[in-house]
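The structure appears right after this line, and notes come after that.
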Amino acid sequence: MSRRIEIELTSARPDGTWTWRAAGAQKPKGVLDGTLLPTGATTGMIFRADAETELDGITILSVSASKEKPGKGGVLELLPSDKPFEEVTQQLARKERSDRGPRSGGDRPNRGPRPGGDRPDRGPRQDRGPRQGGDRPSGDRKPRFQAPPELPQRPKAKRLKPHRVHRNAVLADLPEAQKAVAERALQGGIPAVRQAVNEQNTRLRSEGKEEIPAAGLLAIAEQLLPKLRVAEWLDRADAAMSDLEELDLRDLRSVVAASEDPMVARDETTREIAAKLKEGLATKQEKELALWFGDIDAAIGVGRVVRALKLSSQPPKAGVRFPAELASQLAAAATGNLTADALPDRWMAVLEAAAFSPVRTHVTPTEKPAQVSDELLATVKRLGSLLPQIAALFDIAVDAKGPTAKPLRPTRPAGPAKKQIPRPPAPKPLAKPPVAETAPAVEEAAPAVEEAPAVEEAAPEAE
């Protein structure tokens, strides 16, 4: 699907093409055919163009003259006057102050007694009692809630942003007839190429044209797929190595898991960098694990129990064992927040965080809150399968065969509608393959990496 942009001509080439760039900016830029431009086009002129974004860049489909800005209307015209100009002057009258008398020697005259009598003598400061906030009784003041101190937030990890250096190099060395097949293979492997061939043959059959031989195109895809997979992995590995210390742990783990792909592991160019990435992953996991325990301990220390419970449910590594000592501290802090005088909103916040924490079975309050709202009862009923001891406290029966509760999704505030991004254009149709020997098919095997979100619970040790 094409979109409308404004372009500025930058230079003319001897072959009849023109270079352009986005009006008022350096990028995007590209080259267009000179036959699309109107007669008399010169460098620096701005046109409106229909552009189509492809994998190779931006292609200009048509060019039209840019709309001129309409002139300003409704402007009042100033008409000159024949009358002579007369200046306007202003002179303020001086105010007489005979009642105060002149000031001499810098002494201030006596104004006399104040209206309403003399000012009473209030006595020295110590006779009036201490100021507010001292020893004065505070029975008339309302109690104020003091929030726990904020914890410093760690910088957000960088996400993986690979470039296409190796991928573009492989595509540049391919013949033009094989590039469309390679792009399809990069998108979805051999099944994507087979689907594209079937769709194109169906269209050609309906038009009464000759079909494309599928066996030859599939053979070409099988030959190109190992090189493409290796090039794509090398682009991701280079990006991971450049930001190894600050890279998100999930992205680094996905790159290391992809290195076990047989197509990638067979290539000798990937073995050295794959070994470095595995060592970096092991070091980063140990570092993130230590920081995770430290953040939970710090949140408990300042009284941010809900934050500590949420952190405990987000381990940096699946299957890690939660320390027993830290588990007992966290469970005691969560139970201490579920008291009879706590508000229902506080109970709901603590229960939502504790239900998905590894210490959820050790959060055992002894009494219900004094105020029980309908929202609190609905929360206890929804989380009853994860917190059966809390459901029993509220006399709510738990269905053992019922669905397991899931964390609530954060709600976003309503805002203006987002601008829809145009979809990329459809890939180029597959061309007929050259006559060549069919290469043996290469088996596709990608390791499936599943991360279990659950964390093993560690019961506090008995004294």
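We find that Lys179 and Glu176 are joined by a salt bridge, their nearest charged nitrogen and carboxylate oxygen being less than 4.0 Å apart.
At most 12 non-hydrogen atoms from other residues, nucleotides or ligands lie less than 6.0 angstrom from NZ of Lys227. Residue Glu272 qualifies as open at atom CD: its count of foreign heavy atoms under 6.0 Å is 12 or below.
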Residue pair Leu37, Met45: steps toward the side-chain contact (heavy atoms from CB on, under 4.5 Å) verdict: CA-CA 11 Å; Leu37 299 174; Met45 295 183 67; over 6 Å; no
Test log, rule side-chain contact (heavy atoms from CB on, under 4.5 Å), inputs Leu171 and Leu228: CA-CA 8 Å; Leu171 292 177; Leu228 297 173; 4.2 Å; yes
Check against side-chain contact (heavy atoms from CB on, under 4.5 Å), Leu160 and Arg236: CA-CA 8 Å; Leu160 186 66; Arg236 300 182 64 197; 3.7 Å; yes
CA sep, side-chain torsions, deciding dist, call: Trp233, Asp261, side-chain contact (heavy atoms from CB on, under 4.5 Å): CA-CA 10 Å; Trp233 184 86; Asp261 188 341; over 6 Å; no
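Remark: Asp248 engages Arg250 in a salt bridge (Lys or Arg N to Asp or Glu O under 4.0 Å) (not counting sequence neighbours). For the side chain to side chain donor-acceptor pair (under 3.5 Å) test, no residue two or more places apart in sequence or in another chain qualifies with Ser64.
Taking 4.5 Å as the limit, every side-chain heavy atom of Val197 sits out of range of all side-chain heavy atoms of Arg194. The side-chain heavy atoms of Arg184 and Leu217, taken from C-beta on, include no pair separated by under 4.5 Å. Annotation: side chain of Thr366 is not in contact with side chain of Thr335 (no heavy-atom distance under 4.5 Å). Between Leu289 and Gln285, every side-chain heavy-atom pair lies at or beyond the 4.5 Å cut-off. Proximity of Ile296 to Phe322: side-chain heavy atoms (C-beta onward) are separated by under 4.5 Å at one or more points. With a 4.5 Å cut-off on side-chain heavy atoms, Val230 and Thr269 count as touching. With a 4.5 Å cut-off on side-chain heavy atoms, Val255 and Leu281 do not count as touching.
Residues in residues 369-408 take part in these ring pair (Phe, Tyr, Trp, His ring centres under 6.0 Å) pairs, two or more places apart or across chains: Trp347-Phe394. Pairs passing the side-chain hydrogen bond (donor to acceptor under 3.5 Å, both in side chains) check and including a residue from residues 298-307, sequence neighbours excluded, read Glu150-Arg304, Gln153-Arg307.
With hydrogens and angles disregarded, no donor-acceptor distance shorter than 3.5 Å links the side chain of Ser312 to the backbone of Ser357. Judged by distance alone, with hydrogens and angles left aside, the side-chain atoms of Thr283 form a donor-acceptor pair with the main-chain N or O of Glu279 at under 3.5 Å. Between the Ser206 side chain and the Arg203 main chain, a donor and an acceptor come within less than 3.5 Å of each other. In this structure, the side chain of Asp297 does not engage the main chain of Phe293 through any donor-acceptor pair within 3.5 Å. Counting only distance, with no hydrogens or angles, the side chain of Lys276 and the backbone of Met241 share no donor-acceptor pair below 3.5 Å. Listed for the Asp267 side chain is no donor-acceptor partner under 3.5 Å among the backbone atoms of Met263. For Ser328 (side chain) and Glu325 (main-chain N/O), a donor-acceptor pair under 3.5 Å exists by modelled atom type. Using modelled atom types, no side-chain atom of Asp295 and backbone atom of Leu311 make a donor-acceptor pair closer than 3.5 Å.
Note: Lys158 NZ to Leu244 CG = 12.0 Å, rounded to the nearest 0.5 Å. Atom CG in Leu326 sits 8.0 Å away from atom CH2 in Trp292 (nearest 0.5 Å). Interatomic distance, Leu249 CG to Ser254 OG, rounded to the nearest 0.5 Å: 10.0 Å. Thr17 contributes atom OG1, which lies 8.0 Å from atom CG of Leu32 (distance to the nearest 0.5 angstrom). Separating the CG atom in Leu247 from the CZ atom in Arg253 is a distance of 11.0 Å, to the nearest 0.5 Å. Interatomic distance, OG1 of Thr10 versus CH2 of Trp18, reported as 9.0 Å (0.5 Å rounding).
Taking all atoms of both residues into account, the shortest heavy-atom contact from Val256 to Leu277 is CG2-O, 3.8 Å. Nearest approach of Val306 to Val350, heavy atoms of both residues: CG2-CG2, 4.1 Å. Across all non-hydrogen atoms, the minimal contact from Leu309 to Ala353 is CB-CB, 3.6 Å. When all heavy atoms of Arg167 and Asp235 are compared, the closest pair comes out as N-OD2, 3.1 Å. Closest approach of Ile300 to Ala308, counting heavy atoms only: CG1-CB, 3.8 Å. Residues Phe356 and Pro407 approach most closely at CZ-N, 3.3 Å, considering heavy atoms.
The closest side-chain donor-acceptor pair between Gln195 and Glu199 falls under 3.5 angstrom. Side-chain polar atoms of Thr339 and Arg346 form no donor-acceptor pair below 3.5 angstrom.
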Atom pairs and distances, donor-acceptor, side-chain atoms in residues 382-393, under 3.5 Å, two or more places apart:
from	atom 1	to	atom 2	distance (Å)
Arg382	NH1	Lys406	O	3.3
Arg382	NH2	Glu352	OE1	2.9
Arg382	NH2	Glu352	OE2	2.2
Gln389	NE2	Arg360	O	2.8
Gln389	NE2	Val363	O	3.0

Please tabulate, for the side chains in residues 369-378, all donor-acceptor contacts under 3.5 angstrom to protein atoms that are two or more places apart in sequence or on a different chain.
from	atom 1	to	atom 2	distance (Å)
Ser373	OG	Leu376	N	3.3

